[in-house]
Visitor: 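Below is a structure I'd like to ask you about.
Just the heavy atoms: all of them, side chains too, but no hydrogens, waters or symmetry mates, feed the values below. Just so we're clear, the structure is a prediction, and the values are computed from it rather than from any experiment.
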Amino acid sequence: MTAAAEPVANPAMDLPLAGVRVIDAVPGVLGALGRFLGELGAEVIRIEPSGGAADRAAGPRVAGVSLPFVAANLGKATCPIDLPADMPALLDLAREADILLEAGLPGIDAAALAAAAPRLVHVAITDFGDIGPWRDWRASDAVLHALTGGLSRSGLPGRPPLIPPGQLTYETAVAHIAVATLGAFIRTLRSGEGDRLDVSLIEAAMQALDPGFGLNGSAQSGVPSWKMPRGRTDERFRYPILPCADGFVRLCVLAPRQWRQMHAWMGAPAAFAGPEWDRLMTRYKSPDLLPAITAFFADKTRAEIEAEAAARGIPAAGLLDLGEAIATPQMTARGAFVPVEIAPGVSLPFPAGALTIDGARAAPAARYPLPVCTAFAAPRPSYAPPPAADYPLAGIRVLDMGVIVVGGESGRLLADLGADVIKVENAAFPDGQRQSRDDDPVSLTFAAGHRNKRGLSIDLKSPRGKALFLDLVREADVLLSNFKPGTLAGLGFDAATLAAANPRLVTVNSSAYGATGPWSSRLGYGPLVRASAGLTKQWTYPGEPDSFADGITVYPDHVAGRIGTAGALALLIRRMRTGHGGNVSVSQAEVMLGHKAAEIAALAAIAAGLQLDTPETAENWLLPCAGDDEWCAVSVRHAADRAAIATLVGGNDRAAAECWARALPPDQVMAQLQTAGVPAGMMVRVVDLPELPAYRALGTFREATHPLLPAPFQVEGALTRFARVPPPDQRPAPRIGEDSVAVLKDWLALDDAAIAPLLADKIIEQAA
């Protein structure tokens, strides 16, 4: 790739949310929601008390400036408002706004707000929703991991569970809330009616990080998380991490062709030469294979292994730390981080934006301190929306070429918002998510994650199939894909061809490392992205740097899918004012590194010899409870929490809390701590989630059926609780080509006589 092809921020670009006005009253990590909308072009005014919000003092800090605050608020302006006294000022601002984001804003008068600004999309974020038995409880990242089923799957067999690094539940929830927010805003543009979204963090985090009842990684072969063993399973054999001359490398050798290349690279040892080694389970169960590969790698560096593996089409990645990750040739070439002057003469790297729009990076305004602004400055644009409809995307047509998790999620989210989503496949190249280790006719994860779509089987290698597909493109609004960069162009559908066929088309593509740069052609399974983005080295037990335990997570697939979906919704909004489509590109590695923004800035500060001030931070405890492998996660935030714990258990240290918890079941430990005002959550297994009273009250899950499966199964419910958007439909996931004929009739108005030769020549196939 040439330097000119890299995504560089373009100040003159027409960002999709230009003219959209957002009031942001969301503190802390979740402030990234407003920052993300700002990256897409919205004018974002953060309101905070006149003396400054509490999160301005959050650590770590350099030169008195909070790095997490900078990471969450770049690109915004700030407006001092003291509620409830300044409620009239907030109402004046709301009358000119499109969206209000708030998370339990003290002193807000919601009724007055709705009366003053009836077209406003009011996004109200709470920890556990505004209904149900947990509505007044307090959350933390550790508590959300515990109560969403993630903690029960994190760690190694026979060991305590392992709280994942960072603030992943909050960081991933941001993208989920963005999708819901933009969906509601599109409905408002179509109907003239505002909306109120009751967003619970526990549901947003569950769906966007590691949903137990949604799509899983391909290596699970269609077996959903809720059918896995009760205890933590040893998943290291799936994506093995092996020592080499200068560290560790991870392999994702899944397909038979990948294994054959690995076997040849090793010198074709006879011990692994039989055809049975093409099967994953043969390799997984072998006690000899990984030691043999380890011996083969012993004298090779990470870079040497990566280079040779790439030449042979073998998925491999060296394990990097965060400092190495942002300094790779890929991140450097793409300009993934930019310097921000946070104090006079003090510049540190911060993310340059999660999306590339029309080939240029959609970056936040790299300015600090935030400018003071008491009114919106951007002119309100004029839109030409489709007719009013209950669902935001009613009448929108989507060609979904996405595969496995990232692509599957994007299409399903658009379908849940009312779009007509066509799952494009071919019997010779089915979505790997369809395979089922249980030999079910359709995997449970596919059935859950591809609901509400229709199925089209088309031969995209034949000239007639290509021409037919371009006819469909001409009628489409959105095209989704997450192939390796260049795959669509190789089929004859490069960006210029697609744009010529349909200038109104919105295209979304997601890849491991981005569409440009020296790593753009790398095979990029999620585990490899985690390895090269620095997360795998962090997801270990304290003091045990080789106790890697990230094998079960699907992160960043679900959140990357949501970021791409938000980009698609933003471009559909832009199309309402310009008439033109556009392209969104997502780099999964950059998504992950963006979630580490404050930590990366802190590392850069240390490397530059700057003084890093780290105030007291929350301490997470895992308390063993009565029963077999039962635990409760507790976040001790400050002295008040320690005092509350001391009153409850007779001591304010972990030892006293552990002694007290061992005699009680985890639900009682959780309830008593929460009653005392301390964030706590029992470790819940995925299979038990739907029966918890809080989830039942929220309507988090619902029962679904599929004609090819013998029994009903649980799936996630709506994106969130909208006041006006109806719950999603629940049509079964399609078989390959189940709706081919119907799609051609609906989209292209072809009759039976025109379709018959396409069927006879297998240009399309129709499932029986």
Side-chain angles (χ1 to χ4, degrees), residues 176 179 207-208 210-227 391 393 396-427 429-438 440-458 476 478-483 508 510 554 557-558 560-562 564-565 568 701-709 711-719 727-740 742-743 765-767:
H176 187 86
V179 171
Q207 293 192 44
D210 274 320
F213 292 87
L215 287 169
N216 294 131
S218 57
Q220 285 189 228
S221 301
V223 178
S225 298
W226 57 268
K227 292 187 73 173
Y391 287 102
L393 300 187
I396 295 296
R397 291 173 164 177
V398 180
L399 290 171
D400 178 6
M401 304 180 79
V403 295
I404 310 298
V405 177
V406 176
E409 279 289 271
S410 296
R412 194 267 301 172
L413 291 165
L414 296 176
D416 281 1
L417 289 171
D420 181 14
V421 179
I422 309 303
K423 174 71 173 167
V424 180
E425 287 177 282
N426 184 284
F429 301 99
D431 189 331
Q433 194 68 228
R434 288 185 178 275
Q435 64 180 334
S436 172
R437 198 188 312 160
D438 290 347
D440 290 324
V442 60
S443 75
L444 280 164
T445 57
F446 186 90
H450 289 271
R451 59 191 186 274
N452 292 335
K453 302 179 183 180
R454 297 198 287 172
L456 167 68
S457 176
I458 184 170
V478 180
L479 171 63
L480 305 173
S481 69
N482 62 314
F483 305 126
V508 181
S510 171
V554 190
D557 289 36
H558 290 278
R562 280 159 174 75
T565 303
F701 303 100
R702 58 180 178 171
E703 190 174 87
T705 60
H706 194 283
L708 297 180
L709 294 174
F713 51 96
Q714 294 285 334
V715 298
E716 302 157 349
L719 270 167
D729 203 345
Q730 196 55 66
R731 300 188 308 277
R735 294 171 290 168
I736 297 176
E738 181 171 344
D739 308 287
S740 296
V743 168
E765 294 185 285
Q766 174 69 42

Visitor: Looking only at non-hydrogen atoms, find the nearest pair between V421 and G411 and report the distance.
Guide: CG2-O, 3.5 Å

Visitor: Please round to the nearest 0.5 Å and tell me the distance separating atom NE2 of H176 and atom NE2 of H558.
Guide: 12.0 Å

Visitor: Can you name the closest pair of heavy atoms from M401 and F483 and give their distance?
Guide: O-CZ, 3.3 Å

Visitor: For the side chain of S510 and the backbone of N482, is there at least one donor-acceptor N/O pair under 3.5 Å apart?
Guide: no

Visitor: For E765 and I736, what are the C-alpha separation, side-chain angles and deciding distance, and is it a side chain to side chain contact (heavy atoms under 4.5 Å, CB included)?
Guide: CA-CA 8 Å; E765 294 185 285; I736 297 176; over 6 Å; no

Visitor: Would you compute the distance between atom OG of S443 and atom CG of L708 and round it to the nearest 0.5 angstrom?
Guide: 11.0 Å

Visitor: Write down the atom of F713, the atom of A447, and the distance for their closest heavy-atom approach.
Guide: CZ-CB, 3.7 Å

Visitor: Please report the closest heavy-atom contact between V179 and L417, naming both atoms and the distance.
Guide: CG1-CD1, 4.4 Å

Visitor: When rounded to the nearest 0.5 angstrom, what distance separates CD in Q433 from OG1 in T445?
Guide: 4.0 Å

Visitor: Sub-3.5 Å donor-acceptor pair from the side chain of S410 to the main-chain atoms of G561, do we have one?
Guide: yes

Visitor: Tell me whether E425 contacts the main-chain N or O of D431 through its side chain, where contact means a donor paired with an acceptor under 3.5 Å.
Guide: yes

Visitor: Is a donor on one side and an acceptor on the other found under 3.5 Å between the side chain of Q766 and the backbone of E738?
Guide: yes

Visitor: Taking K453 for the side chain and G408 for the main chain, is one N or O donor matched with an acceptor at less than 3.5 Å?
Guide: yes

Visitor: Please check this pair: side chain of D420 against backbone of R397, looking for a donor-acceptor N/O pair closer than 3.5 Å.
Guide: no

Visitor: For the atom pair CG (L444) and NE2 (H706), what is the distance rounded to the nearest 0.5 Å?
Guide: 10.0 Å

Visitor: Do side-chain atoms of N426 reach the backbone of S457 as a donor and acceptor pair under 3.5 angstrom?
Guide: no

Visitor: How long is the span from the CG atom in L456 to the CD1 atom in I422, to the nearest 0.5 Å?
Guide: 7.0 Å

Visitor: Where is the tightest heavy-atom contact between G455 and P734, given as atom of each residue plus distance?
Guide: N-CB, 3.4 Å

Visitor: In terms of side-chain geometry, is the basic nitrogen of R451 or D416 positioned less than 4.0 Å from the acidic oxygen of its partner?
Guide: yes

Visitor: Measure the CD-OG1 distance between E409 and T565 for me, rounded to the nearest 0.5 Å.
Guide: 8.0 Å

Visitor: Got a donor-acceptor contact below 3.5 angstrom from the N452 side chain to the D729 backbone?
Guide: yes

Visitor: So, for F446 and K423, which heavy atoms are closest and what is the spacing to 0.1 Å?
Guide: CE1-CE, 4.2 Å

Visitor: Would you say H450 and L215 make side-chain contact, with heavy atoms under 4.5 Å?
Guide: yes

Visitor: Start with the C-alpha distance between L480 and L414, add both sets of side-chain angles, then the distance that settles side chain to side chain contact (heavy atoms under 4.5 Å, CB included), and finish with yes or no.
Guide: CA-CA 10 Å; L480 305 173; L414 296 176; 4.0 Å; yes

Visitor: Please check if the side chain of R562 supplies one atom and the backbone of L413 the other of a donor-acceptor pair under 3.5 Å.
Guide: no

